[in-house]
Amino acid sequence: MNPRRPALLTCALALATATACSTVPPGGDQVTGTAADLATTTAPASHGVDRITWNLPYEPQTLDPIRSFNYAENTALANMCESLLRLTPDLKIRPGLAEKAENPTPTRWVYTLRKDVRFWDGHPMTAADVAASLNRHLDPAQGTWWSDYFQTVASIRATGPYRVTVDLKQPDVLFNQAMATAAGAVVEKSFLRTAGQSLGSPTGGLMCTGPFRFAGWKPGDFLRLTRNDTYWDRTLRATSRSLVFRFIADETTAVNALRSGEVDGQYFYLPPAGLSQLRASRTGSVTLGRSLTFWTLLGAATSGPYADPRVREALAAALDRPGIARVIFQGAAAPESTLANADYWGYSPDVFRSAHDALPGARPDPARARRLLHDAGPPSHALTIGIQGSSAVHEQTASIIKAAGEDLGLRIRIKVIPVEQYGNLYSDPKARQGIDAFLSTWYGNMPDPLDVYRVFTKGGRSNFDDYAAVDGPVRQAQAAYAPRERAALVGAIQATVSRDAPWTPIASLPVILYMNKRITGAVASFSYLYYPWAAGIGAP
């Protein structure tokens with residue numbers, strides 16, 4: 001156990017019982033330096049280096065784009081396999097492999113492709129490659145993790161050498177935005193056929209168009225990428241010659257490797273216990289960047305006390321989110337009363353601001369919590385909350401939730417799940433049996449709050465507790481291409497979800513980027529999951 005944990009946990013428990021900690025001053029919900037003025041980029045490099053060594057929080061399971069729905073996978077893949085559109089560091093959606101996306105009817109998207117793009121093997125990219133890549137998401141045998149974005153798709157066809165037409169069953173504003181994520185990534189058609197089930201594996205590799213090429217993967221040790229010297233986009237040609245990923249999963253070991261210079265950099269999706277050490281390091285620096293990531297308690301109960309919205313809302317109202325953000329997250333988070341923070345407001349921000357400000361704030365409200373629980377009646381049995389083993393943030397947050405709930409009269413049991421098995425909670429209903437809720441670092445994939453709330457559609461793969469109250473409104477908002485109309489609809493959805501708390505928002509999390517002083521130029525924003533963030537890295 002990390003020696004810093006007991007002190008943090010003691011303060012966290014004090015927060016849960018409404019005892020003041022010296023690190024939690026009175027005042028508003030704002031956490032200084034995390035909700036505003038976050039970075040998107042870092043200082044540009046002056047020249048390249050031979051090798052950049054980067055750490056991933058775990059070894060990727062695969063680099064196949066259709067199964068890359070997680071942090072380590074997309075961090076690596078973003079530098080290799082490009083999508084039709086791009087999510088830029090300032091969280092805007094711009095042209096990518098498609099120079100133009102047109103919407104001639106509400107149920108049709110037409111993509112005009114660039115004619116100067118080549119795969120690493122020198123073959124030109126055509127509409128046949130794009131159609132083959134996207135159609136994999138429609139094949140149940142392929143097992144895509146991006147299926148939610150393709151539920152409304154009727155057909156994907158190459159309708160010219162450099163034109164792809166997508167016809168939808170119903171209007172869907174999220175489909176086109178998803179083309180800026182790995183859902184829109186393109187792999188060479190002939191390579192797809194040759195690689196088969198080994199695509200994206202250490203032996204199968206990849207064939208894409210990005211600024212770095214797949215050059216080798218030694219399981220349990222490293223993944224190596226080399227510069228693509230013929231990359232089509234001159235503004236994003238890789239500055240340095242190679243990029244080597246390590247897989248140091250242990251938090252303390254990773255921090256020590258960063259501080260010693262063994263590893264040049266890493267993105268953290270949760271603050272490590274050693275964040276203060278990294279901040280104080282003389283050999284490198286920490287940058288907090290704009291993000292679409294949030295810390296939340298995901299409801300998974302379809303029966304019992306936690307299936308009652310009043311019980312969920314009561315527990316949410318009892319939480320001291322500002323305290324959690326300051327103490328557990330060491331100031332590297334902002335307390336939130338909604339799932340989608342301001343960085344999601346990519347359109348009509350004034351509408352979203354008004355909707356946000358009309359909701360209860362992030363501060364605890366014990367009186368409201370007690371009223372709600374009184375209305376719900378005494379719970380029939382204890383609630384079980386799942387947390388990831390070997391994670392200080394999980395353990396400490398769970399301790400606060402448990403103390404806050406028990407102060408209301410709820411019985412709460414914490415179930416620790418090994419890190420190797422925790423991911424099963426997201427995909428296997430059997431793994432969620434007996435669990436009422438579990439903690440998660442969740443993220444939407446685009447600057448649109450609707451992308452977060454669309455998980456609550458009937459039958460959605462992430463609608464773990466079968467929450468159905470906003471199914472119709474979400475589908476209505478998906479068909480609303482006019483920004484202000486959609487923003488108003490999403491604001492109403494947000495109000496319902498915030499009241500019913502199928503997922504309990506706790507804090508928004510910035511990107512936490514560490515680089516040693518040998519390098520600079522990495523993208524600092526959430527777009528690193530889908531944008532070639534390492535292309536600009538080199539020497540200061």
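- For S354, there are no side chain to side chain contact (heavy atoms under 4.5 Å, CB included) partners, not counting sequence neighbours.
- The existence of a salt bridge linking D233 and R114 is excluded, since no basic side-chain nitrogen approaches an acidic carboxylate oxygen closer than 4.0 Å.
- Residues Y347 and F352 bring their aromatic ring centres within 6.0 Å.
- Remark: R136 fails to qualify as a cation-pi partner of F150 under the 6.0 Å distance and 45° angle criteria applied to the six-membered ring.
- F294 places none of its side-chain heavy atoms less than 4.5 Å from the side chain of P505.
- Note that the CG atom of D448 and the CG atom of L91 stand 12.5 Å from one another [nearest 0.5 Å].
- Ring geometry for Y267 versus Y528: interplanar angle under 30°, hence parallel rather than tilted (30 to 60°).
- Salt-bridge annotation for R484 and D350: present, with a side-chain N of the basic residue lying under 4.0 Å from a carboxylate O of the acidic one.
- The cationic group of R432 does not satisfy the cation-pi geometry with F464, failing either the under 6.0 Å distance to the six-membered ring centre or the 45° limit from the ring axis.
- Atom CZ of R237 has more than 12 neighbouring heavy atoms from other residues, nucleotides or ligands inside a 6.0 Å radius.
- Interatomic distance, CG of L339 versus OG1 of T296, reported as 5.5 Å (0.5 Å rounding).
- The CG atom of N70 sits 12.0 Å away from atom OG1 of T62, with the distance rounded to the nearest 0.5 Å.
- Between the R163 side chain and the T159 main chain, a donor and an acceptor come within less than 3.5 Å of each other.
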Worked check of side-chain hydrogen bond (donor to acceptor under 3.5 Å, both in side chains) between W145 and E73: CA-CA 12 Å; W145 281 70; E73 289 82 359; over 6 Å; no
Side chain to side chain contact (heavy atoms under 4.5 Å, CB included), that's the test. Do L292 and N445 meet it? Break it down for me. CA-CA 7 Å; L292 302 179; N445 293 290; over 6 Å; no
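- No donor-acceptor pair under 3.5 Å is formed between the side chain of N55 and the backbone N or O of Q266.
- Atoms CG and CD1, on L134 and I66 in that order, are 11.0 Å from each other to the nearest 0.5 Å.
- A distance of 6.0 Å or more separates the ring centres of Y467 and W503.
- The aromatic ring centres of Y149 and H137 sit 6.0 Å or more apart.
- For the atom pair CD1 (I385) and CG (L298), the distance works out to 11.0 Å, reported to the nearest 0.5 Å.
- The closest side-chain heavy-atom distance from H356 to S337 is below 4.5 Å.
- Minimum interatomic distance between A333 and A325 (heavy atoms only, all atoms of both residues): O-CB, 3.9 Å.
- Of the possible polar contacts, none joining the T41 side chain to the V523 backbone as a donor-acceptor pair under 3.5 Å is found.
- Contact annotation: the side chain of K458 never approaches that of N463 to less than 4.5 Å [non-hydrogen atoms, C-beta and beyond].
- Proximity of a side-chain donor or acceptor of T75 to a complementary backbone N or O of L529 within less than 3.5 Å is not detected.
- Note on ring orientation: taking the six-membered ring where Trp is involved, the planes of Y269 and Y71 are parallel (angle under 30°, cut-offs 30° and 60°).
- How far OH of Y422 is from CD1 of I417: 6.0 Å, rounded to the nearest 0.5 Å.
- Heavy atoms only, all atoms of each residue included: V490 and P449 are closest at CG1-CB, 3.8 Å.
- Checked by atom type and distance alone, the side chain of R486 pairs as donor or acceptor with a backbone atom of A480 at under 3.5 Å.
- Nearest heavy atoms, A183 versus A178: CB-O, 3.7 Å.
- Heavy-atom contacts from other residues, nucleotides or ligands closer than 6.0 Å to CD of Q61 number 12 or fewer.
- A distance-only check finds a donor-acceptor pair linking the side chain of D343 to the backbone of S291 [under 3.5 Å].
- Counting only N and O atoms by type, the side chains of Y426 and S440 include a donor and acceptor under 3.5 Å apart.
- Looking at D500, its side chain never comes within 3.5 Å of a backbone N or O of P502 through a donor-acceptor pair.
- Contact annotation: the side chain of L319 approaches that of T504 to within less than 4.5 Å [non-hydrogen atoms, C-beta and beyond].
- Looking only at side-chain heavy atoms (C-beta outward), L223 and V244 stay at 4.5 Å or farther from each other.
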Intermediate values then yes/no, side chain to side chain contact (heavy atoms under 4.5 Å, CB included), W146 and S68: CA-CA 9 Å; W146 299 88; S68 65; 3.9 Å; yes
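- A donor-acceptor contact shorter than 3.5 Å links the side chain of D129 to the backbone of T126.
- For D451 and Y344, the side-chain atoms include no donor-acceptor pair closer than 3.5 Å.
- Contact record, P271 with V393: O-CG2, 3.9 Å, taken as the closest heavy-atom pair.
- Looking only at side-chain heavy atoms (C-beta outward), S83 and T181 stay at 4.5 Å or farther from each other.
- Between the side chain of S240 and the backbone N or O of I537, at least one donor-acceptor pair lies under 3.5 Å.
- A donor-acceptor pair under 3.5 Å is formed between the side chain of S525 and the backbone N or O of P89.
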Give the C-alpha distance, both sets of side-chain angles, the deciding distance and a yes or no for side chain to side chain contact (heavy atoms under 4.5 Å, CB included) between Y453 and V470. CA-CA 8 Å; Y453 298 115; V470 296; 5.8 Å; no
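- Remark: R310 engages D308 in a salt bridge, criterion side-chain N to carboxylate O under 4.0 Å.
- Closest approach of S498 to L359, counting heavy atoms only: OG-CD1, 3.6 Å.
- Side-chain contact check for E59 versus W217: some heavy-atom pair is nearer than 4.5 Å.
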What do the steps show when you test L138 against I156 for side chain to side chain contact (heavy atoms under 4.5 Å, CB included), and what is the final call? CA-CA 9 Å; L138 302 183; I156 302 170; 4.0 Å; yes
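- Considering every non-hydrogen atom in both L243 and N79, the closest pair reads CD2-ND2, 4.1 Å.
- Residue pairs meeting the ring-ring contact (aromatic ring centres under 6.0 Å, His included) criterion with at least one member in residues 83-120: none, sequence neighbours excluded.
- With Y231 as reference, E82 is the one residue of R213, R118, E82 to meet the side-chain hydrogen bond (donor to acceptor under 3.5 Å, both in side chains) rule.
- Between E336 and R321 there is no side-chain heavy-atom pair separated by less than 4.5 Å.
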